[in-house]
Amino acid sequence: MASLQQFSDKYDGGLDKSTPEGLEEGEKSIANLLMEQVEFANVILLNKADLVESAEQLDKTKELIKILNPEAKIVTTKFSKIDLNEILNTG
């Protein structure tokens with residue numbers, strides 16, 4: 001799980017599925033691993049939402065996540081506090 005700020009920083013320039021230079025065949029960048037986690041998740045926690053600079057940045061991140069995984073439930077959290085019923089038995 002990455003923080004909301006980390007995710008936003010990785011994708012600020014948009015989606016890029018290319019393999020960065022310096023990685024060997026079969027290796028994946030952090031950005032690619034994050035993207036795969038989002039694409040296959042049932043529930044996505046946007047943690048540290050209180051540290052995001054603006055509501056627009058939060059909305060932009062949610063829109064990006066919806067592009068990657070339109071079916072996933074998106075939950076915004078602070079300090080990773082969440083009702084377990086929101087994340088257990090979701091698949």
Side-chain angles (χ1 to χ4, degrees):
M1 176 174 63
S3 73
L4 176 56
Q5 187 64 48
Q6 289 173 316
F7 185 83
S8 181
D9 289 347
K10 293 286 183 198
Y11 292 102
D12 190 38
L15 298 176
D16 181 9
K17 291 193 175 195
S18 63
T19 302
E21 290 184 34
L23 291 181
E24 295 184 21
E25 186 176 338
E27 290 183 338
K28 296 179 182 179
S29 70
I30 296 296
N32 285 344
L33 290 171
L34 283 171
M35 190 180 326
E36 284 182 2
Q37 287 181 352
V38 168
E39 288 174 334
F40 294 100
N42 294 324
V43 179
I44 299 169
L45 303 180
L46 297 180
N47 191 40
K48 300 186 180 182
D50 54 322
L51 302 179
V52 176
E53 294 176 10
S54 68
E56 291 81 23
Q57 183 182 13
L58 181 61
D59 290 341
K60 182 178 175 183
T61 302
K62 286 180 180 180
E63 288 174 15
L64 175 60
I65 290 170
K66 287 197 178 289
I67 290 169
L68 291 170
N69 188 341
E71 302 297 320
K73 177 180 178 180
I74 300 172
V75 181
T76 305
T77 64
K78 298 176 186 175
F79 300 102
S80 297
K81 292 185 179 183
I82 187 167
D83 178 1
L84 293 179
N85 292 322
E86 295 214 53
I87 58 174
L88 296 177
N89 300 318
T90 61

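The figures here come from the full heavy-atom set of this structure, side chains too, leaving out hydrogens, waters and symmetry mates.
In this structure, CG in Leu84 is found 10.5 Å from CG in Asn89, a value given to the nearest 0.5 Å. Rounded to the nearest 0.5 angstrom, Ile44 CD1 and Lys66 NZ are separated by 9.0 Å.
Contact annotation: the side chain of Val43 never approaches that of Glu86 to less than 4.5 Å [non-hydrogen atoms, C-beta and beyond]. Two residues are said to be in side-chain contact when any heavy atoms from C-beta on lie closer than 4.5 Å; Val75 and Ile87 fail this criterion. For the pair Leu34 and Gln37, the minimum side-chain heavy-atom distance is below 4.5 Å.
Nearest heavy atoms, Ala72 versus Ala41: CB-O, 3.7 Å. Scanning both residues, Asp50 and Phe79, for their nearest heavy atoms gives OD2-CE1, 4.3 Å. Of all the heavy atoms in Val52 and Gln57, the pair that sits closest is CG1-OE1, 3.2 Å. Between Asn69 and Val38, the shortest heavy-atom contact is ND2-O, 2.8 Å.
Exactly one of Leu68, Thr61, Ile67 qualifies for a side-chain contact (heavy atoms from CB on, under 4.5 Å) with Ile65. That residue is Thr61.
With sequence neighbours left out, the side chain to side chain donor-acceptor pair (under 3.5 Å) criterion links Lys78 to no other residue.
Annotation: Asp83, atom CG; neighbour count of heavy atoms from other residues, nucleotides and ligands within 6.0 Å is above 12.
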